[in-house]
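Here is the structure we will look at, set down as structure tokens.
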Amino acid sequence: MNRKLVSLVILLGLAFVIAGCGGKDAEVLDDPTATVTTPAETVPTTPVAEDPAPTEVVPSGPTAEDYARMAPQEYGIEDVFFAFDQYALSYEAMRLLEANARIMKEHSSLVYVVEGHCDERGTVEYNLALGEKRAQAVRDYLVNQGVPSSQLRLTSYGEERPFARGGNESAWALNRRAHFSRP
Amino acid sequence: MRLRTSILCLLMLLGAAGARAQEIEIGIVKQAFERYDILVMPLEVTSGGTEAQQDAWTVESVMSLDLDYSGLFRALSPQEADTAAVSFGIEGVLEGRLPGTAVTAAEAAPVLTLRLVSQPGRQVLLNKRYRPTAGQLRASAHHFVNEVVQLIMGEPGIALTRIVFSRGSDDRRDIYCVDYDGEGLKRLTANRRLNLFPAWSPDGTQIAFMSWEEGQQGLYLLETATGDVSVVNRTLGSNLGPTWSPDGKELLASLSKTGQHEIYRIRLKDGHLQRLTVSDAIEVSPSWSPNGRDIVFTSDRTGSPQLYVMGGDGSGRRRLSFEGRYNDAASWSPNGELIVYACREQDITQVVLMNQDGSERRFLTDASWGNCEDPAWAPDSRHVVFASDRSGLFKLYVMDVTDGSARQLTFGDEPDTTPHWSR
């Protein structure tokens with residue numbers, strides 16, 4: 001968990017550096033949430049995300065049982081991020097979810113918990129409801145992409161299980177997410 | 001705050017000095033108000049040696065703190081007091097058992113006699129005898145102070161109340177309870193889960209709370225006597241809340257089993273659900289008025305969380321909060337007159353008080369308090385407990401809403417949140 005956090009923070013830092021020197025790329029900028037959700041795109045937890053090939057079931061590859069033991073992030077399922085007090089999906093979030101949906105449909109026996117999370121600002125109870133709204137938005141989009149709803153369960157942890165510590169925007173941005181876990 | 005008429009007459013007859021206004025250090029402003037001075041005399045220890053003397057000091061200090069914490073009195077020792085100016089005094093006798101003379105636990109208990117006397121005049125207004133067995137000494141002192149408050153002020157004291165809350169972080173949070181004075185901390189759950197929103201039943205025999213089991217939120221009941229836990233509701237989606245009905249027969253909660261967060265009444269005897277709201281908005285944080293007729297709750301139907309009131313059947317909804325963009329976590333005072341809630345302004349959450357009709361909003365905390373959340377009333381409608389991160393970590397604080405004076409209730413290096421005060 002800690003290692004993952006560290007790599008997240010490093011990658012986030014890199015993202016800012018790249019954003020700082022790389023100038024503009026083909027990002028959608030008419031969406032005000034785009035800057036906030038940037039971390040999502042730049043947080044591929046493993047190289048697997050860039051290359052969907054290993055997720056194909058080939059004789060030498062992992063079996064269904066292997067996948068069932070792995071964290072979803074280990075085979076390319078990525079978390080999506082939200083703007084403050086929002087549960088609408090950004091353009092980036094939708095693209096990520098489309099990729100997630102493809103992987104989920106390939107492993108139709110696996111069930112996922114979509115966890116909604118919030119940053120620490122705001123009240124405990126309202127944030128729990130907001131987290132669930134985020135999880136619902138993600139579930140609904142995945143179902144639209146053809147993922148059977150039986151593969152998805154929802155929960156909200158509100159602000160109770162933060163991914164990053166710190167009372168600043170970079171920590172808050174990491175904590176406003178829908179996270180995929182095993183039941 | 002008025003002295004009960006009978007006691008006032010008595011005081012006038014006795015020619016006792018009235019209360020003196022005094023100034024105390026408080027959170028936001030300094031404000032003069034009336035507290036009644038009360039002399040706490042050293043107890044006479046007739047037997048039992050040093051152990052009994054220790055017990056006597058414990059009783060004296062518990063009573064003195066209780067009187068101060070009531071917000072109604074100021075406890076003074078004989079050295080501090082101008083005895084001629086003080087209206088009341090507490091004195092007593094502690095008869096400890098000599099070591100080796102006790103045969104049973106009951107026999108080992110000291111005999112504690114406490115008296116409230118008018119000052120001067122030394123007329124006995126109250127005379128109580130206790131046999132506190134092991135661990136009951138503090139409770140005896142608390143009980144006597146409650147009797148004093150009841151006699152002089154005509155209202156029940158809060159010295160025997162307790163506060164239940166959630167302690168811990170991330171994956172592991174347990175329900176704890178603590179005496180209202182910060183003593184007697186006890187952990188009530190050990191299920192290695194995330195447990196939040198504990199709420200005492202009106203009779204104090206049960207605690208309703210929310211917990212995650214295998215990634216699913218549920219509402220549970222804990223029997224305080226046995227520690228047994230039972231499921232109240234585990235419908236899919238959110239199970240937020242809970243808060244008790246004044247008669248203890250129902251819970252209010254926000255459930256999202258339809259996909260939308262709506263307020264429900266949950267009948268405890270059979271789990272029957274009665275839906276009270278219908279909207280696409282987030283509707284959370286319901287709290288019953290003490291007479292059971294109305295419910296205050298939070299809805300973000302206008303785009304930001306605001307407080308609303310509706311009848312107990314969901315009818316007659318009307319908006320209550322018009323100031324501030326983010327209002328949540330309302331709680332109705334036990335006397336029905338006030339509502340305390342959390343308001344987020346300029347990126348900081350504060351505790352705010354208003355009249356039950358929504359008028360006269362006033363902040364109880366300011367920026368020096370950091371973020372303050374989850375206010376809950378004491379049964380005296382005078383004190384609230386809430387969580388503040390002013391020390392860098394959420395801990396619980398008790399505030400007297402009449403003057404803003406406050407004290408820290410819980411300590412330690414784990415966050416404490418979602419407190420609720422026993423009735």
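Protein chains get the first letters and strands the later ones, always in sequence-line order, with residue 1 at the start of each.
Comparing A/D85, A/L128, A/D140 by how many heavy-atom pairs each has under 4.5 Å with chain B, the most go to A/L128. Comparing A/R121, A/E115, A/E120, A/E125 by how many heavy-atom pairs each has under 4.5 Å with chain B, the most go to A/E125. The residue among A/L154, A/L130, A/V113, A/V124 with the most heavy atom pairs within less than 4.5 Å of chain B is A/V124. Heavy-atom pairs under 4.5 Å with chain A were tallied for B/A342, B/S304, B/G259; the largest tally goes to B/G259. Contact count against chain A (heavy-atom pairs under 4.5 Å) is highest for B/D300 among B/D300, B/N371, B/I348, B/T298.
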Note to self: Show, in sequence, the C-alpha distance, side-chain angles and deciding distance for A/R182 and A/R69, and conclude whether the side chain to side chain contact (heavy atoms under 4.5 Å, CB included) test is met.
What the structure shows: CA-CA 9 Å; A/R182 318 276 331 149; A/R69 277 193 295 271; over 6 Å; no

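Closest approach of B/Y326 to A/N127, counting heavy atoms only: OH-OD1, 4.3 Å.
A distance below 6.0 Å separates the ring centres of A/H107 and A/Y75. In this structure, B/F363 has its ring center no closer than 6.0 Å to that of B/W369.
A donor-acceptor distance shorter than 3.5 angstrom exists from the side chain of B/H420 to the backbone of B/W200, with no hydrogens or angles considered.
Within the 4.5 angstrom heavy-atom criterion, atoms from both the backbone and the side chain of B/L240 approach chain A. Using a 4.5 Å cut-off between heavy atoms, B/D280 contacts chain A through its backbone alone, with no side-chain atom that close. Interface remark: B/T349 contributes side-chain atoms only to the contact with chain A (heavy atom separation under 4.5 Å). Using a 4.5 Å cut-off between heavy atoms, A/E160 contacts chain B through both its backbone and its side chain.
For the pair B/E414 and B/R187, the salt-bridge criterion is not met [side-chain N within less than 4.0 Å of a carboxylate O].
No cation-pi contact links B/R318 to B/Y308, judged by a cut-off of 6.0 Å to the six-membered ring centre and 45° from its axis.
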